[in-house]
Amino acid sequence: MSFFRALTADTAGRRKYPEALHMFVQGLTAPTFVVNAITIATYKKYALVSLIHSGAPKTQSSTDAIVAIQDGNMGLVKLVLAGRTKRAIQKLTQTFLTLSLADIAQQVGLKTATEAESHILRMVGAGEIFAEIDASAGMVRFLEDPEQYTSTSAVQHLNATIQASFALAEKLQSINRQVSLDPAYVSKLYAKDKGDRFPEDPSDFDAEPQSLAYSFQDG
């Protein structure tokens with residue numbers, strides 16, 4: 001399990017959520033005949049990091065799900081719960097152009113306008129939202145993303161992402177080919193298919209074939 005702790009610290013722990021998700025997907029798609037402890041641990045971390053990255057719905061069912069998978073992942077669970085506030089603020093930017101800090105605090109479940117201001121400043125600094133704060137009036141003005149995605153760096157980043165996706169797809173196809181040609185895997189599939197078509201229980205078959213009686217009558 002040290003591998004997963006190191007992976008969480010190096011990617012999810014440093015807020016590199018897309019990279020962490022990519023690595024967890026690689027772990028989940030690794031060939032295996034049975035679901036083992038490593039696969040389960042990987043899925044739990046994948047689910048938590050997905051919630052952190054995309055936001056956890058504020059519902060009772062999602063809360064139950066988060067609590068149910070928090071074993072050994074308390075740090076990630078705390079990030080999931082904290083991420084709800086961030087997602088709530090991001091949703092406000094899609095609805096309002098201006099909003100008071102007090103209103104923001106009330107709508108996202110914070111106690112004070114000061115807390116709302118701290119959250120907004122952190123998110124602006126991280127490039128997660130675009131906004132200006134008028135501290136004297138206690139108002140926030142939400143702005144559009146200034147990036148037009150036509151710069152050289154943006155195009156290079158897009159190309160790198162596309163190439164990484166192609167590389168992952170090719171790797172998965174290669175793994176699938178290797179698994180499908182593996183003698184142990186083929187033998188197991190053959191045995192299962194044979195067992196499905198020809199049950200081993202003798203009671204499934206008639207012990208003796210029934211004789212067929214034909215009668216011929218003179219016409």
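- In terms of hydrophobic clustering, with Ile, Leu, Val, Met, Phe, Trp and Tyr side chains grouped at heavy-atom distances under 4.5 Å, Val155 and Leu158 are assigned to different clusters.
- Atoms CE and CD1, on Met123 and Ile89 in that order, are 5.0 Å from each other to the nearest 0.5 Å.
- Shown here for Gln90 and Glu128, the closest heavy-atom pair between the two residues is NE2-O, 3.6 Å.
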Sequence neighbours excluded and cut-off under 3.5 Å, please list the side-chain donor-acceptor pairs for residues 98-107, or say none.
{"unit_1": "Ser100", "atom_1": "OG", "unit_2": "Asp103", "atom_2": "N", "d": "3.0"}
{"unit_1": "Ser100", "atom_1": "OG", "unit_2": "Asp103", "atom_2": "OD2", "d": "3.0"}

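- Cluster partners of Phe130, using a side-chain heavy-atom cutoff of under 4.5 Å among ILVMFWY residues and allowing indirect links, are Leu143.
- A 6.0 Å sphere centred on CD1 of Ile162 holds more than 12 heavy atoms belonging to other residues, nucleotides or ligands.
- Cluster partners of Met139: none. The rule joins Ile, Leu, Val, Met, Phe, Trp and Tyr whenever side-chain heavy atoms lie under 4.5 Å apart, and it links nothing here.
- In this structure, NE2 in His157 is found 14.5 Å from OG1 in Thr152, a value given to the nearest 0.5 Å.
- In this structure, CD on Glu132 lies 12.5 Å from CD1 on Ile120, to the nearest 0.5 angstrom.
- Across every non-hydrogen atom of Phe96 and Phe142, the tightest pair is O-CD1, 3.3 Å.
- Every residue two or more places apart in sequence or in another chain was checked for a side chain to side chain donor-acceptor pair (under 3.5 Å) with Asn159, and none qualifies.
- Smallest separation of non-hydrogen atoms from Val108 and Ala88: CG1-CB, 3.5 Å.
- Residue pairs meeting the salt bridge (charged side-chain N to carboxylate O under 4.0 Å, His left out) criterion with at least one partner in residues 104-124, sequence neighbours excluded, are absent.
- In this structure, CG on Leu92 lies 12.0 Å from CG on Leu97, to the nearest 0.5 angstrom.
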When the side chains of residues 165-174 are checked against the rest of the protein, which donor-acceptor pairs come out under 3.5 Å, sequence neighbours left out?
{"unit_1": "Ser165", "atom_1": "OG", "unit_2": "Thr161", "atom_2": "O", "d": "3.0"}
{"unit_1": "Ser174", "atom_1": "OG", "unit_2": "Gln178", "atom_2": "NE2", "d": "3.3"}

